[in-house]
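One structure is given below, encoded as C-alpha coordinates.
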There are 2 protein chains.
Amino acid sequence: MAEFPEEPIYRQLARIGRTLASPVRLRLLDVLDQGERTVEQLSEEADIPLKNTSAQLQQLRAAHLVTSRKAGTRVYYRLADERVSRFLGELQDFAAERLADLREAVSEHLGEVAVLEAVTADELAARLDDPGIVIVDVRPAADHARGHVPGAVSVPLAELRDRLDELPGDAEIVAYCGGPYCVVSSEAVLLLRDHGFRARPLDGGLTRWRRTGGRLRTGAAAR
Amino acid sequence: MAEFPEEPIYRQLARIGRTLASPVRLRLLDVLDQGERTVEQLSEEADIPLKNTSAQLQQLRAAHLVTSRKAGTRVYYRLADERVSRFLGELQDFAAERLADLREAVSEHLGEVAVLEAVTADELAARLDDPGIVIVDVRPAADHARGHVPGAVSVPLAELRDRLDELPGDAEIVAYCGGPYCVVSSEAVLLLRDHGFRARPLDGGLTRWRRTGGRLRTGAAAR
DNA sequence: CTAATATTCCAAAGAATCATAGAACAGGGG
DNA sequence: CCCCTGTTCTATGATTCTTTGGAATATTAG
(Lines give C-alpha, C1' and ligand atoms only; values in the text may rest on other atoms or scores of the structure.)
Protein backbone atom coordinates (compact mmCIF):
# COMPACT_ATOMS: atom_id res chain seq x y z
CA MET A 1 0.00 0.00 0.00
CA ALA A 2 1.66 3.19 -1.16
CA GLU A 3 1.36 5.98 1.35
CA PHE A 4 2.68 9.44 0.73
CA PRO A 5 1.24 12.62 2.21
CA GLU A 6 -0.56 13.73 -0.93
CA GLU A 7 -2.07 10.30 -1.47
CA PRO A 8 -5.69 11.39 -0.92
CA ILE A 9 -5.31 14.06 -3.58
CA TYR A 10 -3.86 11.74 -6.16
CA ARG A 11 -6.38 9.09 -5.27
CA GLN A 12 -9.13 11.51 -6.21
CA LEU A 13 -7.35 12.57 -9.37
CA ALA A 14 -7.01 8.94 -10.32
CA ARG A 15 -10.78 8.58 -10.20
CA ILE A 16 -11.09 10.47 -13.44
CA GLY A 17 -8.40 8.36 -15.04
CA ARG A 18 -10.01 5.20 -13.78
CA THR A 19 -13.34 6.23 -15.17
CA LEU A 20 -11.75 6.75 -18.58
CA ALA A 21 -9.92 3.43 -18.34
CA SER A 22 -12.66 1.24 -19.72
CA PRO A 23 -13.40 0.76 -23.43
CA VAL A 24 -17.07 0.39 -22.64
CA ARG A 25 -17.31 3.70 -20.81
CA LEU A 26 -15.37 5.56 -23.48
CA ARG A 27 -17.70 4.16 -26.08
CA LEU A 28 -20.73 5.28 -24.11
CA LEU A 29 -19.28 8.75 -23.74
CA ASP A 30 -18.76 8.99 -27.48
CA VAL A 31 -22.34 8.01 -28.15
CA LEU A 32 -23.59 10.47 -25.55
CA ASP A 33 -21.52 13.12 -27.26
CA GLN A 34 -23.99 12.78 -30.14
CA GLY A 35 -26.78 13.83 -27.82
CA GLU A 36 -29.09 12.68 -25.06
CA ARG A 37 -30.00 8.99 -24.99
CA THR A 38 -31.98 6.57 -22.85
CA VAL A 39 -30.26 3.61 -21.29
CA GLU A 40 -31.86 1.30 -23.81
CA GLN A 41 -30.83 3.43 -26.78
CA LEU A 42 -27.30 3.56 -25.48
CA SER A 43 -27.21 -0.16 -24.97
CA GLU A 44 -28.36 -0.78 -28.50
CA GLU A 45 -26.37 1.91 -30.24
CA ALA A 46 -23.13 1.03 -28.48
CA ASP A 47 -23.86 -2.69 -28.72
CA ILE A 48 -23.33 -3.28 -25.01
CA PRO A 49 -25.53 -5.50 -22.82
CA LEU A 50 -28.20 -3.51 -21.00
CA LYS A 51 -27.17 -4.51 -17.50
CA ASN A 52 -23.60 -3.57 -18.18
CA THR A 53 -24.61 -0.28 -19.77
CA SER A 54 -26.56 0.71 -16.70
CA ALA A 55 -23.75 -0.29 -14.37
CA GLN A 56 -21.17 1.72 -16.29
CA LEU A 57 -23.47 4.73 -16.46
CA GLN A 58 -23.59 4.70 -12.68
CA GLN A 59 -19.83 5.04 -12.60
CA LEU A 60 -19.82 7.81 -15.14
CA ARG A 61 -22.39 9.63 -13.10
CA ALA A 62 -20.43 9.10 -9.89
CA ALA A 63 -17.47 10.78 -11.59
CA HIS A 64 -19.76 13.62 -12.70
CA LEU A 65 -19.06 13.00 -16.36
CA VAL A 66 -22.73 12.49 -17.20
CA THR A 67 -26.05 13.58 -15.75
CA SER A 68 -29.42 11.97 -16.04
CA ARG A 69 -33.02 13.05 -15.96
CA LYS A 70 -36.04 10.91 -15.54
CA ALA A 71 -38.98 11.25 -17.88
CA GLY A 72 -41.82 8.90 -17.07
CA THR A 73 -40.46 5.43 -17.05
CA ARG A 74 -37.24 6.17 -18.88
CA VAL A 75 -33.98 7.74 -17.86
CA TYR A 76 -32.16 10.02 -20.25
CA TYR A 77 -28.42 10.44 -19.93
CA ARG A 78 -26.25 13.19 -21.35
CA LEU A 79 -22.73 14.52 -20.91
CA ALA A 80 -22.52 16.64 -17.78
CA ASP A 81 -21.40 19.72 -19.70
CA GLU A 82 -19.51 21.10 -22.64
CA ARG A 83 -16.13 20.53 -21.03
CA VAL A 84 -16.57 16.79 -20.89
CA SER A 85 -16.87 16.73 -24.65
CA ARG A 86 -13.85 18.97 -25.00
CA PHE A 87 -11.76 16.90 -22.63
CA LEU A 88 -12.78 13.74 -24.41
CA GLY A 89 -11.46 15.23 -27.62
CA GLU A 90 -8.23 16.18 -25.95
CA LEU A 91 -7.85 12.67 -24.62
CA GLN A 92 -8.39 11.22 -28.07
CA ASP A 93 -5.89 13.55 -29.68
CA PHE A 94 -3.39 12.94 -26.94
CA ALA A 95 -3.77 9.19 -27.21
CA ALA A 96 -3.62 9.16 -31.00
CA GLU A 97 -0.44 11.19 -30.98
CA ARG A 98 1.14 8.81 -28.53
CA LEU A 99 -0.01 5.30 -29.30
CA ALA A 100 0.92 3.87 -32.67
CA ASP A 101 -1.36 0.96 -31.87
CA LEU A 102 -4.29 3.32 -31.65
CA ARG A 103 -3.59 4.93 -35.00
CA GLU A 104 -3.27 1.48 -36.46
CA ALA A 105 -6.54 0.29 -34.94
CA VAL A 106 -8.29 3.39 -36.28
CA SER A 107 -7.00 3.05 -39.81
CA GLU A 108 -7.81 -0.64 -39.81
CA HIS A 109 -11.31 0.10 -38.64
CA LEU A 110 -12.01 2.97 -40.98
CA GLY A 111 -9.95 1.83 -43.93
CA GLU A 112 -6.90 3.54 -45.34
CA VAL A 113 -8.86 5.73 -47.71
CA ALA A 114 -10.88 7.28 -44.92
CA VAL A 115 -7.84 8.11 -42.87
CA LEU A 116 -5.49 9.32 -45.55
CA GLU A 117 -7.84 11.34 -47.70
CA ALA A 118 -10.22 12.67 -45.09
CA VAL A 119 -11.16 16.34 -45.12
CA THR A 120 -10.29 18.00 -41.85
CA ALA A 121 -12.91 20.03 -40.02
CA ASP A 122 -10.85 23.20 -40.48
CA GLU A 123 -10.54 22.62 -44.19
CA LEU A 124 -14.27 22.10 -44.52
CA ALA A 125 -15.05 25.15 -42.42
CA ALA A 126 -12.95 27.27 -44.76
CA ARG A 127 -14.76 25.96 -47.82
CA LEU A 128 -18.31 26.01 -46.50
CA ASP A 129 -19.43 28.57 -49.08
CA ASP A 130 -17.59 26.98 -51.97
CA PRO A 131 -20.29 26.12 -54.53
CA GLY A 132 -18.10 23.35 -55.93
CA ILE A 133 -18.55 21.31 -52.80
CA VAL A 134 -21.52 19.25 -51.69
CA ILE A 135 -21.78 18.12 -48.08
CA VAL A 136 -23.71 14.93 -47.48
CA ASP A 137 -24.95 13.85 -44.06
CA VAL A 138 -25.27 10.07 -44.24
CA ARG A 139 -26.70 9.58 -40.76
CA PRO A 140 -30.38 8.75 -40.16
CA ALA A 141 -32.64 11.66 -41.00
CA ALA A 142 -33.61 12.10 -37.34
CA ASP A 143 -30.01 12.78 -36.39
CA HIS A 144 -29.70 15.26 -39.22
CA ALA A 145 -32.73 17.15 -38.00
CA ARG A 146 -31.24 17.37 -34.54
CA GLY A 147 -28.19 19.21 -35.82
CA HIS A 148 -25.98 19.19 -38.91
CA VAL A 149 -23.23 21.01 -40.72
CA PRO A 150 -24.69 24.13 -42.36
CA GLY A 151 -25.68 23.39 -45.91
CA ALA A 152 -25.42 19.63 -45.57
CA VAL A 153 -27.89 17.47 -47.49
CA SER A 154 -29.42 14.56 -45.62
CA VAL A 155 -28.96 11.29 -47.48
CA PRO A 156 -28.91 8.35 -45.08
CA LEU A 157 -26.54 5.65 -46.21
CA ALA A 158 -29.41 3.22 -46.77
CA GLU A 159 -30.94 5.58 -49.35
CA LEU A 160 -27.73 6.70 -50.97
CA ARG A 161 -27.65 4.13 -53.74
CA ASP A 162 -31.14 5.10 -54.91
CA ARG A 163 -30.56 8.84 -54.72
CA LEU A 164 -27.27 9.11 -56.55
CA ASP A 165 -28.93 11.15 -59.31
CA GLU A 166 -29.61 13.96 -56.82
CA LEU A 167 -25.89 14.60 -56.56
CA PRO A 168 -24.05 16.73 -59.12
CA GLY A 169 -21.43 14.64 -60.88
CA ASP A 170 -18.93 17.47 -61.21
CA ALA A 171 -18.87 18.56 -57.56
CA GLU A 172 -16.58 17.38 -54.84
CA ILE A 173 -18.56 15.49 -52.25
CA VAL A 174 -17.80 15.47 -48.53
CA ALA A 175 -19.63 12.77 -46.58
CA TYR A 176 -19.86 12.65 -42.82
CA CYS A 177 -21.48 10.66 -40.06
CA GLY A 178 -21.62 10.86 -36.28
CA GLY A 179 -18.87 9.77 -33.97
CA PRO A 180 -15.15 10.15 -34.46
CA TYR A 181 -14.73 6.49 -35.39
CA CYS A 182 -17.90 6.06 -37.40
CA VAL A 183 -17.42 3.99 -40.55
CA VAL A 184 -20.67 4.93 -42.26
CA SER A 185 -19.17 7.89 -44.09
CA SER A 186 -16.31 5.72 -45.34
CA GLU A 187 -18.76 3.27 -46.79
CA ALA A 188 -20.62 6.10 -48.43
CA VAL A 189 -17.41 7.43 -49.94
CA LEU A 190 -16.53 4.05 -51.39
CA LEU A 191 -20.00 3.68 -52.85
CA LEU A 192 -19.84 7.15 -54.38
CA ARG A 193 -16.43 6.53 -55.90
CA ASP A 194 -17.66 3.30 -57.41
CA HIS A 195 -20.17 5.42 -59.27
CA GLY A 196 -17.66 7.91 -60.54
CA PHE A 197 -18.03 10.68 -57.98
CA ARG A 198 -15.16 12.51 -56.35
CA ALA A 199 -15.82 11.95 -52.67
CA ARG A 200 -13.97 12.23 -49.38
CA PRO A 201 -15.02 11.62 -45.79
CA LEU A 202 -14.95 14.24 -43.02
CA ASP A 203 -12.25 13.44 -40.51
CA GLY A 204 -13.68 12.70 -37.09
CA GLY A 205 -17.27 13.08 -38.19
CA LEU A 206 -19.70 15.53 -36.68
CA THR A 207 -18.16 15.04 -33.26
CA ARG A 208 -14.86 16.58 -34.24
CA TRP A 209 -16.64 19.22 -36.30
CA ARG A 210 -18.46 20.32 -33.20
CA ARG A 211 -15.38 20.10 -30.99
CA THR A 212 -13.31 22.29 -33.26
CA GLY A 213 -15.94 24.96 -33.05
CA GLY A 214 -17.92 24.17 -36.18
CA ARG A 215 -21.38 25.69 -36.37
CA LEU A 216 -24.46 23.53 -36.41
CA ARG A 217 -27.82 24.09 -38.00
CA THR A 218 -30.97 22.40 -36.83
CA GLY A 219 -34.32 21.84 -38.43
CA ALA A 220 -35.70 20.16 -41.52
CA ALA A 221 -33.39 18.71 -44.11
CA ALA A 222 -31.87 21.33 -46.35
CA ARG A 223 -32.23 20.82 -50.07
CA MET B 1 -17.00 -9.73 -22.55
CA ALA B 2 -18.20 -6.62 -24.33
CA GLU B 3 -17.70 -6.77 -28.06
CA PHE B 4 -18.63 -3.97 -30.40
CA PRO B 5 -16.97 -3.26 -33.72
CA GLU B 6 -14.88 -0.33 -32.51
CA GLU B 7 -13.71 -2.23 -29.47
CA PRO B 8 -10.02 -2.35 -30.50
CA ILE B 9 -9.99 1.43 -30.88
CA TYR B 10 -11.53 2.11 -27.52
CA ARG B 11 -9.36 -0.51 -25.93
CA GLN B 12 -6.32 1.45 -27.06
CA LEU B 13 -7.82 4.74 -25.95
CA ALA B 14 -8.48 3.21 -22.57
CA ARG B 15 -4.79 2.48 -22.19
CA ILE B 16 -4.12 6.14 -21.58
CA GLY B 17 -6.91 6.35 -19.07
CA ARG B 18 -5.70 3.22 -17.31
CA THR B 19 -2.22 4.61 -17.09
CA LEU B 20 -3.59 7.71 -15.42
CA ALA B 21 -5.75 5.65 -13.09
CA SER B 22 -3.19 5.06 -10.37
CA PRO B 23 -2.34 7.54 -7.61
CA VAL B 24 1.24 6.31 -7.64
CA ARG B 25 1.74 6.96 -11.33
CA LEU B 26 0.12 10.38 -11.18
CA ARG B 27 2.41 11.28 -8.35
CA LEU B 28 5.45 10.17 -10.31
CA LEU B 29 4.34 12.19 -13.29
CA ASP B 30 4.01 15.29 -11.15
CA VAL B 31 7.51 14.84 -9.79
CA LEU B 32 8.86 14.24 -13.28
CA ASP B 33 7.16 17.43 -14.35
CA GLN B 34 9.70 19.21 -12.15
CA GLY B 35 12.48 17.78 -14.28
CA GLU B 36 14.52 14.70 -15.03
CA ARG B 37 15.05 12.26 -12.16
CA THR B 38 16.67 8.89 -11.52
CA VAL B 39 14.61 5.99 -10.30
CA GLU B 40 16.06 6.35 -6.85
CA GLN B 41 15.39 10.08 -6.67
CA LEU B 42 11.84 9.51 -7.78
CA SER B 43 11.35 6.79 -5.24
CA GLU B 44 12.59 9.01 -2.47
CA GLU B 45 10.94 12.23 -3.54
CA ALA B 46 7.58 10.60 -4.14
CA ASP B 47 7.94 8.39 -1.09
CA ILE B 48 7.19 5.19 -2.98
CA PRO B 49 9.10 1.92 -2.57
CA LEU B 50 11.85 1.52 -5.12
CA LYS B 51 10.59 -1.71 -6.64
CA ASN B 52 7.17 -0.27 -7.12
CA THR B 53 8.54 2.94 -8.57
CA SER B 54 10.43 0.99 -11.17
CA ALA B 55 7.44 -1.17 -12.01
CA GLN B 56 5.15 1.84 -12.48
CA LEU B 57 7.73 3.62 -14.59
CA GLN B 58 7.69 0.67 -16.94
CA GLN B 59 4.00 1.19 -17.45
CA LEU B 60 4.38 4.89 -17.98
CA ARG B 61 7.02 4.18 -20.57
CA ALA B 62 4.86 1.56 -22.28
CA ALA B 63 2.17 4.22 -22.64
CA HIS B 64 4.79 6.65 -24.03
CA LEU B 65 4.21 9.16 -21.28
CA VAL B 66 7.85 9.12 -20.16
CA THR B 67 11.18 8.34 -21.75
CA SER B 68 14.38 7.22 -20.13
CA ARG B 69 18.05 7.49 -20.84
CA LYS B 70 20.81 5.52 -19.29
CA ALA B 71 23.88 7.28 -17.94
CA GLY B 72 26.40 4.94 -16.44
CA THR B 73 24.72 2.83 -13.87
CA ARG B 74 21.66 5.03 -13.45
CA VAL B 75 18.55 5.52 -15.48
CA TYR B 76 17.08 8.99 -15.84
CA TYR B 77 13.39 9.38 -16.56
CA ARG B 78 11.60 12.42 -17.90
CA LEU B 79 8.23 13.27 -19.39
CA ALA B 80 8.07 12.19 -23.01
CA ASP B 81 7.37 15.71 -24.25
CA GLU B 82 5.77 19.05 -23.57
CA ARG B 83 2.28 17.81 -24.30
CA VAL B 84 2.33 15.31 -21.47
CA SER B 85 2.80 18.15 -19.04
CA ARG B 86 0.05 20.12 -20.68
CA PHE B 87 -2.35 17.21 -20.69
CA LEU B 88 -1.59 16.51 -17.07
CA GLY B 89 -2.58 20.06 -16.26
CA GLU B 90 -5.78 19.69 -18.21
CA LEU B 91 -6.58 16.52 -16.35
CA GLN B 92 -6.02 18.22 -13.02
CA ASP B 93 -8.19 21.18 -13.92
CA PHE B 94 -10.87 18.94 -15.32
CA ALA B 95 -10.87 16.76 -12.23
CA ALA B 96 -10.84 19.68 -9.81
CA GLU B 97 -13.79 21.28 -11.54
CA ARG B 98 -15.73 18.05 -11.34
CA LEU B 99 -14.91 16.33 -8.08
CA ALA B 100 -15.82 18.11 -4.89
CA ASP B 101 -13.90 15.43 -3.05
CA LEU B 102 -10.74 16.44 -4.86
CA ARG B 103 -11.12 20.11 -4.00
CA GLU B 104 -11.74 19.08 -0.42
CA ALA B 105 -8.67 16.85 -0.30
CA VAL B 106 -6.55 19.63 -1.75
CA SER B 107 -7.71 22.27 0.69
CA GLU B 108 -7.29 19.86 3.55
CA HIS B 109 -3.78 19.07 2.43
CA LEU B 110 -2.68 22.62 1.74
CA GLY B 111 -4.70 24.36 4.38
CA GLU B 112 -7.49 26.84 3.81
CA VAL B 113 -5.21 29.84 3.71
CA ALA B 114 -3.18 28.46 0.84
CA VAL B 115 -6.22 27.70 -1.23
CA LEU B 116 -8.30 30.77 -0.59
CA GLU B 117 -5.66 33.45 -0.67
CA ALA B 118 -3.29 32.03 -3.24
CA VAL B 119 -2.00 34.26 -5.99
CA THR B 120 -2.84 32.88 -9.42
CA ALA B 121 -0.12 32.50 -12.00
CA ASP B 122 -1.83 35.03 -14.26
CA GLU B 123 -2.02 37.58 -11.47
CA LEU B 124 1.64 37.12 -10.68
CA ALA B 125 2.63 37.35 -14.33
CA ALA B 126 0.86 40.69 -14.58
CA ARG B 127 2.67 42.06 -11.55
CA LEU B 128 6.15 40.70 -12.26
CA ASP B 129 7.62 44.19 -12.55
CA ASP B 130 5.78 45.60 -9.57
CA PRO B 131 8.50 46.75 -7.16
CA GLY B 132 6.12 46.31 -4.23
CA ILE B 133 6.19 42.56 -4.61
CA VAL B 134 8.91 40.11 -3.58
CA ILE B 135 8.87 36.61 -4.98
CA VAL B 136 10.45 33.94 -2.81
CA ASP B 137 11.43 30.51 -4.10
CA VAL B 138 11.37 28.24 -1.06
CA ARG B 139 12.59 25.11 -2.81
CA PRO B 140 16.11 23.76 -2.36
CA ALA B 141 18.70 25.99 -3.98
CA ALA B 142 19.54 23.36 -6.59
CA ASP B 143 15.98 23.41 -7.89
CA HIS B 144 16.05 27.18 -8.01
CA ALA B 145 19.19 27.13 -10.12
CA ARG B 146 17.57 24.75 -12.56
CA GLY B 147 14.78 27.20 -13.31
CA HIS B 148 12.73 29.79 -11.44
CA VAL B 149 10.26 32.59 -11.82
CA PRO B 150 12.09 35.69 -13.12
CA GLY B 151 13.16 37.87 -10.25
CA ALA B 152 12.54 35.27 -7.58
CA VAL B 153 14.86 35.12 -4.58
CA SER B 154 16.01 31.70 -3.45
CA VAL B 155 15.31 31.13 0.23
CA PRO B 156 14.87 27.43 0.99
CA LEU B 157 12.29 26.84 3.67
CA ALA B 158 14.93 25.47 6.04
CA GLU B 159 16.80 28.78 5.92
CA LEU B 160 13.81 31.06 5.90
CA ARG B 161 13.61 31.59 9.65
CA ASP B 162 17.21 32.76 9.82
CA ARG B 163 17.02 35.01 6.78
CA LEU B 164 13.86 36.94 7.60
CA ASP B 165 15.83 40.16 7.83
CA GLU B 166 16.66 39.95 4.13
CA LEU B 167 13.02 40.52 3.29
CA PRO B 168 11.51 44.03 3.20
CA GLY B 169 8.80 44.31 5.80
CA ASP B 170 6.63 46.59 3.70
CA ALA B 171 6.48 44.48 0.54
CA GLU B 172 3.95 41.86 -0.40
CA ILE B 173 5.62 38.48 -0.47
CA VAL B 174 4.68 35.67 -2.84
CA ALA B 175 6.15 32.30 -1.92
CA TYR B 176 6.18 29.29 -4.19
CA CYS B 177 7.49 25.76 -4.33
CA GLY B 178 7.45 22.98 -6.88
CA GLY B 179 4.50 20.76 -7.63
CA PRO B 180 0.85 21.78 -7.79
CA TYR B 181 0.12 20.24 -4.40
CA CYS B 182 3.32 21.20 -2.63
CA VAL B 183 2.79 22.38 0.94
CA VAL B 184 6.19 23.95 1.44
CA SER B 185 5.08 27.36 0.25
CA SER B 186 2.09 27.25 2.59
CA GLU B 187 4.36 26.58 5.51
CA ALA B 188 6.55 29.44 4.44
CA VAL B 189 3.56 31.76 4.23
CA LEU B 190 2.43 30.84 7.72
CA LEU B 191 5.91 31.40 9.10
CA LEU B 192 6.17 34.76 7.38
CA ARG B 193 2.79 35.89 8.66
CA ASP B 194 3.77 34.90 12.17
CA HIS B 195 6.56 37.42 11.82
CA GLY B 196 4.38 40.21 10.58
CA PHE B 197 4.89 39.94 6.84
CA ARG B 198 2.15 40.12 4.28
CA ALA B 199 2.59 36.86 2.42
CA ARG B 200 0.60 34.69 0.00
CA PRO B 201 1.41 31.43 -1.75
CA LEU B 202 1.48 30.96 -5.53
CA ASP B 203 -1.40 28.80 -6.63
CA GLY B 204 -0.23 25.53 -8.17
CA GLY B 205 3.45 26.28 -7.60
CA LEU B 206 6.03 26.39 -10.32
CA THR B 207 4.30 23.60 -12.19
CA ARG B 208 1.23 25.67 -12.93
CA TRP B 209 3.35 28.74 -13.56
CA ARG B 210 5.12 26.85 -16.30
CA ARG B 211 1.94 25.34 -17.69
CA THR B 212 0.20 28.65 -18.02
CA GLY B 213 3.07 29.93 -20.09
CA GLY B 214 5.09 31.64 -17.39
CA ARG B 215 8.69 32.39 -18.29
CA LEU B 216 11.53 30.75 -16.43
CA ARG B 217 14.99 31.99 -15.72
CA THR B 218 17.89 29.72 -14.99
CA GLY B 219 21.25 30.28 -13.37
CA ALA B 220 22.56 31.60 -10.09
CA ALA B 221 20.19 32.98 -7.51
CA ALA B 222 18.91 36.40 -8.40
CA ARG B 223 19.01 39.04 -5.77
C1' DC C 1 38.44 -10.25 -13.59
C1' DT C 2 35.69 -9.30 -9.23
C1' DA C 3 32.97 -6.53 -6.33
C1' DA C 4 29.59 -3.07 -5.73
C1' DT C 5 25.64 -0.45 -7.16
C1' DA C 6 21.41 0.71 -9.73
C1' DT C 7 17.77 -1.06 -11.99
C1' DT C 8 14.82 -4.44 -14.04
C1' DC C 9 12.67 -9.10 -14.65
C1' DC C 10 9.86 -12.80 -12.80
C1' DA C 11 6.51 -14.71 -10.01
C1' DA C 12 2.97 -14.96 -6.61
C1' DA C 13 -0.15 -13.11 -3.06
C1' DG C 14 -3.54 -9.62 -2.33
C1' DA C 15 -6.76 -5.99 -3.90
C1' DA C 16 -9.74 -3.92 -7.04
C1' DT C 17 -12.86 -4.15 -11.22
C1' DC C 18 -15.88 -6.15 -14.66
C1' DA C 19 -19.71 -8.55 -16.39
C1' DT C 20 -23.95 -10.60 -15.43
C1' DA C 21 -27.74 -13.16 -13.10
C1' DG C 22 -31.67 -12.47 -10.09
C1' DA C 23 -34.35 -9.49 -7.21
C1' DA C 24 -36.26 -5.02 -6.44
C1' DC C 25 -38.20 -0.59 -7.50
C1' DA C 26 -40.74 3.29 -9.70
C1' DG C 27 -44.04 5.33 -13.23
C1' DG C 28 -47.96 4.94 -16.21
C1' DG C 29 -51.79 2.65 -18.49
C1' DG C 30 -55.55 -0.05 -17.84
C1' DC D 1 -55.36 -0.79 -7.59
C1' DC D 2 -52.45 -3.93 -10.25
C1' DC D 3 -49.56 -5.08 -13.88
C1' DC D 4 -46.09 -3.93 -17.34
C1' DT D 5 -41.92 -1.79 -18.71
C1' DG D 6 -37.56 0.35 -18.04
C1' DT D 7 -34.02 0.80 -14.90
C1' DT D 8 -31.29 0.04 -10.84
C1' DC D 9 -29.54 -2.67 -6.80
C1' DT D 10 -27.17 -6.72 -4.81
C1' DA D 11 -24.22 -10.52 -5.02
C1' DT D 12 -20.63 -13.36 -7.19
C1' DG D 13 -17.11 -15.63 -10.11
C1' DA D 14 -13.70 -14.26 -13.48
C1' DT D 15 -10.23 -11.25 -14.62
C1' DT D 16 -6.92 -7.76 -14.25
C1' DC D 17 -3.83 -4.70 -11.62
C1' DT D 18 -0.71 -3.66 -7.73
C1' DT D 19 2.82 -4.67 -4.74
C1' DT D 20 6.84 -6.93 -3.30
C1' DG D 21 10.48 -10.67 -2.52
C1' DG D 22 14.16 -12.95 -4.87
C1' DA D 23 16.98 -13.52 -8.90
C1' DA D 24 19.08 -11.47 -12.93
C1' DT D 25 21.34 -7.83 -15.68
C1' DA D 26 24.32 -4.10 -16.64
C1' DT D 27 27.77 -0.73 -15.64
C1' DT D 28 31.59 1.23 -13.17
C1' DA D 29 35.43 1.02 -9.77
C1' DG D 30 39.26 -1.28 -8.32
Side-chain angles (χ1 to χ4, degrees), chain A residues 1-4 7-8 10-29 31-32 36-63 65-78, chain B residues 1-4 7-8 10-29 31-32 36-63 65-78:
Chain A
M1 186 70 70
E3 265 312 330
F4 40 96
E7 218 266 349
Y10 287 98
R11 181 197 299 273
Q12 289 300 322
L13 251 188
R15 273 179 55 185
I16 295 290
R18 214 169 50 217
T19 309
L20 299 174
S22 144
V24 170
R25 287 192 289 268
L26 288 170
R27 175 80 171 116
L28 289 173
L29 287 172
V31 174
L32 283 175
E36 199 179 51
R37 299 288 145 96
T38 68
V39 179
E40 197 174 23
Q41 285 175 329
L42 278 168
S43 167
E44 185 173 342
E45 197 164 335
D47 200 10
I48 295 166
L50 182 65
K51 294 272 183 68
N52 196 2
T53 301
S54 175
Q56 302 303 339
L57 285 170
Q58 300 313 308
Q59 295 203 39
L60 289 173
R61 186 166 50 190
L65 296 183
V66 306
T67 57
S68 61
R69 71 184 174 88
K70 205 162 186 175
T73 169
R74 338 207 144 186
V75 178
Y76 287 85
Y77 281 85
R78 71 170 79 186
Chain B
M1 187 70 70
E3 266 312 330
F4 40 95
E7 218 267 349
Y10 287 99
R11 179 197 301 273
Q12 289 299 323
L13 251 188
R15 273 179 54 185
I16 295 290
R18 214 170 47 217
T19 308
L20 299 173
S22 144
V24 171
R25 285 192 292 269
L26 288 170
R27 175 80 170 115
L28 290 173
L29 287 171
V31 175
L32 284 175
E36 198 179 52
R37 299 288 145 96
T38 68
V39 179
E40 195 173 23
Q41 285 174 330
L42 279 168
S43 167
E44 185 173 341
E45 197 164 335
D47 200 10
I48 295 166
L50 183 67
K51 291 275 184 66
N52 196 5
T53 301
S54 175
Q56 302 304 340
L57 285 169
Q58 302 311 310
Q59 296 201 40
L60 289 172
R61 187 166 49 189
L65 296 183
V66 307
T67 57
S68 61
R69 71 183 174 89
K70 203 161 186 177
T73 168
R74 341 208 141 186
V75 178
Y76 288 84
Y77 281 84
R78 71 170 80 185

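Basis for what follows: all heavy atoms, side chains included, without hydrogens, waters or symmetry-related copies. Every chain is numbered from 1, with letters handed out A, B, ... down the list of sequences.
Pairing each heavy atom of B:L42 with each of B:L57, the nearest pair is CD1-CD1, 3.8 Å. Taking every heavy atom of both residues into account, A:S68 and A:V75 meet most closely at CB-CG1, 3.7 Å. A pairwise comparison of heavy atoms in A:E45 and A:R27 identifies O-NH2, 3.4 Å as the closest pair. Smallest separation of non-hydrogen atoms from A:T19 and A:R25: O-NE, 2.7 Å.
Proximity note for B:K51 (side chain, C-beta onward) versus C:dC18, D:dT19, C:dT8: the nearest is C:dT8. Of the candidates D:dT19, C:dT8, D:dT7, the closest approach to any side-chain atom of A:T38 belongs to D:dT7. Ranking D:dT8, D:dT19, C:dC18 by closeness to the A:R25 side chain, first place goes to C:dC18. For A:Q58, whose side chain is taken as the heavy atoms from C-beta onward, the closest listed nucleotide among C:dT20, D:dC9, C:dA6 is D:dC9. Here the nucleotide nearest the side chain of B:V39, chosen from D:dG6, C:dT7, D:dT8, is C:dT7. Nearest nucleotide to the side chain of A:Q56, out of C:dT7, C:dT8, C:dC18: C:dC18. Out of C:dA19, D:dT7, C:dT7, the shortest distance to the side chain of A:N52 is found at C:dA19.
In this structure, A:D47 places its CG atom 15 Å from C1' of C:dA19, rounding to the nearest Å. Look at CZ on A:R27: it is 19 Å from C1' on C:dC18, rounded to the nearest Å. To the nearest angstrom, P of D:dC17 lies 14 Å from CG of B:L60. B:L50 has its CG atom 12 Å from the P atom of D:dG21, to the nearest Å. A:R37 places its CZ atom 18 Å from the C1' atom of D:dG6, with the value rounded to the nearest Å. The interatomic distance linking A:R69 (CZ) with D:dT7 (P) rounds to 12 Å, in whole Å. Following rounding to the nearest Å, A:R74 (CZ) and C:dG27 (C1') show an atom-to-atom distance of 12 Å. Spacing between atom CZ of A:F4 and atom C1' of D:dT18 amounts to 13 Å, rounded to whole angstrom units.
Using a 4.0 Å heavy-atom cutoff across all strands shown, A:Y76 reaches no nucleic acid atom at all. Across all strands, A:Q59 comes closer than 4.0 Å only to sugar-phosphate atoms, never to a base (heavy-atom distances).
Atom CG of residue A:L60 and atom CG of residue A:L32 lie 7.5 Å apart, to the nearest 0.5 angstrom. The distance from atom CD of A:Q41 to atom OG1 of A:T53, rounded to the nearest 0.5 Å, is 12.0 Å. Atoms CG and CG, on B:L13 and A:L20 in that order, are 9.5 Å from each other to the nearest 0.5 Å.
Between C:dT17 and A:R18, a contact under 4.0 Å exists linking OP1 or OP2 to a side-chain N or O. Listed pair A:Y77 / D:dT8 meets the phosphate criterion, a side-chain N or O lying under 4.0 Å from OP1 or OP2.
When the nearest nucleotides of DNA chain C are assigned to A:T53 and B:S68 by heavy-atom distance, the more 5′-ward of the two goes with B:S68.
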Practice item. Mark up nucleotides 24-30 of chain D, 5' to 3', with B wherever a protein heavy atom is under 4.0 angstrom from a base atom, S wherever such an atom reaches only the sugar-phosphate, and - elsewhere. Key: --SSS--
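Within a 6.0 Å sphere centred on CD of A:E44, other residues, nucleotides and ligands contribute 12 heavy atoms or fewer.
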